[in-house]
There are 2 protein chains.
Amino acid sequence: MKDRDVQADQMLTDQVLTALRQITQAIDIHSRFLEKNYAVTVPQLIVLRTIQRHQSMAVGGVAAAMSLSISTITGIVARLEKKGLLARSRCEEDKRRFLLRLTADGERFLLSAPPPLQETFLNRFDHLENWEKHMVLGSLQRLVALMQARDIDAAPILTSGPVAAPER
Amino acid sequence: MKDRDVQADQMLTDQVLTALRQITQAIDIHSRFLEKNYAVTVPQLIVLRTIQRHQSMAVGGVAAAMSLSISTITGIVARLEKKGLLARSRCEEDKRRFLLRLTADGERFLLSAPPPLQETFLNRFDHLENWEKHMVLGSLQRLVALMQARDIDAAPILTSGPVAAPER
DNA sequence: GAAATATGGTATGTGTGCAAAATATTTACT
DNA sequence: AGTAAATATTTTGCACACATACCATATTTC
């Protein structure tokens, strides 16, 4: 039994959660700002950039590259297609796939579009001292590692259906 | 003009964004796990806890306490009410308000419910060295400060409505 | 070659989050 | 009092993000 100040520990973790939510919120707010002024959201912009980098990609490829689920990408792609920034075509080799590529409008758009958060937060982040940037990134990645350390040991409580979801 | 490695800077910020999304994702996944096994999500659980701490609260109070928008709380409250964990009643002094309080079921539920992330990530976070916890928290709050350094300088493009939102 | 299985993608439904508009109530001002 | 302004909530509409169920095409197996 460690002799710790449990109260203080709880406060610390609460603060972490609050900080995380505030960060998420800030990104979300920026996304809405983008949507209002540039007609695309942050996720949409990142999808466009990702496809641009690869020239042409399948839906699953984008999902893997962004570590998002396929169904999420489907929705985003549908909205981008409706805006005419992106086109889908059946892959000839494997007709299960759709190949995604930018339209001329899409290319043109990216040339004038702002990078995801550059105008705001990332711009300021960029101006931090190098050691501080690395410290922040290190902390974030520490959290990611902690969170991704599979919950498997704690999970099997209500065993309805396939308990051990293979991955993700 | 500083003499920096722009490429490396870009990578750093990209990594920050990726880490942030992964953290958000991990929380979301945990929330679904909770929903499946305990019938409430993380936000729902936090709303319950918040109300419990205050005995009874109005919707706006919860929103302020959690720094979420009122409309978001409305939806969460509706779901909790449907589950019978929480009840609403008109406030007598100010009939615009609804007072929220836990039902007997709600109280009982909280006694058996797990703290938001304790079973998983926070538990592990708790076991970090103290200096590391503080470093992580410090980094997160650094990000929050950067992000909240109001976008006012960049924002006023579409000035519809009260631009300078007082707080939040 | 036909049946079983695997894989890529879409459609649907739920939960979160916001903004904007609609309602109702209280407070302030004239 | 009587309207105007502020306040408290709800409703609606949109964008994510996921899981689940389902359709179409590929691959494997018999």
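Note on naming: letters A, B, ... go to the chains in the order of the sequence lines (proteins, then strands), and numbering restarts at 1 for each one. Heavy atoms only: backbone and side chains are in, while hydrogens, waters and symmetry mates are out. This one's a predicted model, so the numbers in the text were calculated from it and none came from an experiment.
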Roughly, in whole Å, what's the span from [atom1] in [X] to [atom2] in [N]?
| X | N | atom1 | atom2 | result |
| --- | --- | --- | --- | --- |
| B/Glu93 | C/dA24 | CD | P | 22 Å |
| A/Arg97 | C/dT10 | CZ | C1' | 16 Å |
| A/Asp94 | C/dG8 | CG | P | 8 Å |
| A/Glu35 | D/dC14 | CD | C1' | 7 Å |
| A/Leu99 | C/dG9 | CG | P | 9 Å |
| B/Leu100 | D/dT9 | CG | C1' | 11 Å |
| A/Ile70 | D/dC16 | CD1 | P | 18 Å |
| A/Gln44 | D/dA17 | CD | C1' | 14 Å |

| Axis-to-axis angle between the two ends of the helix from C/dG1-D/dC30 to C/dT30-D/dA1 (five base pairs per end, rounded to 10 degrees) |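 The value is 0°.
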
| task | Measure from the side-chain N and O atoms of A/Ser56 to the backbone N and O of A/Arg101, and report whether any donor-acceptor pair falls under 3.5 Å. | result | no

| Would you say the side-chain atoms of B/Ser31 pair up with the backbone N or O of B/Thr41, donor to acceptor, closer than 3.5 Å? |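 Judged by distance alone, no pair lies under 3.5 Å.
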
Taking only residues two or more places apart in sequence, or in another chain, which ones meet [X] in a salt bridge (charged side-chain N to carboxylate O under 4.0 Å, His left out)?
| X | result |
| --- | --- |
| A/Arg79 | none |
| B/Arg32 | B/Asp28 |
| A/Asp94 | A/Arg96, A/Arg97 |

| Is there side-chain contact between A/Val40 and A/Phe109, with heavy atoms separated by less than 4.5 Å? | yes

| Does the side chain of A/Val62 reach to within under 4.5 Å of the side chain of A/Ile70, using non-hydrogen atoms? | no

| query | Among residues 72-90 of chain A, which contact DNA chain C at a heavy-atom distance under 4.0 Å? | reply | A/Thr74, A/Arg88

| task | Please state whether the base of C/dT26 and the side chain of B/Arg96 form at least one donor-acceptor pair under 3.5 Å? | result |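 Under the 3.5 Å cut-off, the side chain and the base do not form any donor-acceptor pair.
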
| query | At what distance, to the nearest 0.5 angstrom, does CG of A/Leu86 lie from CG of A/Leu100? | reply |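 The distance works out to 5.5 Å.
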
| Which residues share a side chain to side chain contact (heavy atoms under 4.5 Å, CB included) with A/Ala65, sequence neighbours left out | A/Thr50, A/Met57

Where the side chain of [X] is concerned, which of [options] is the nearest nucleotide?
| X | options | value |
| --- | --- | --- |
| B/Thr41 | C/dA19, C/dT16, D/dA17 | C/dT16 |
| A/Phe98 | D/dT9, C/dT10, C/dC18 | C/dT10 |
| A/Val59 | D/dA19, C/dG17, C/dT10 | C/dT10 |

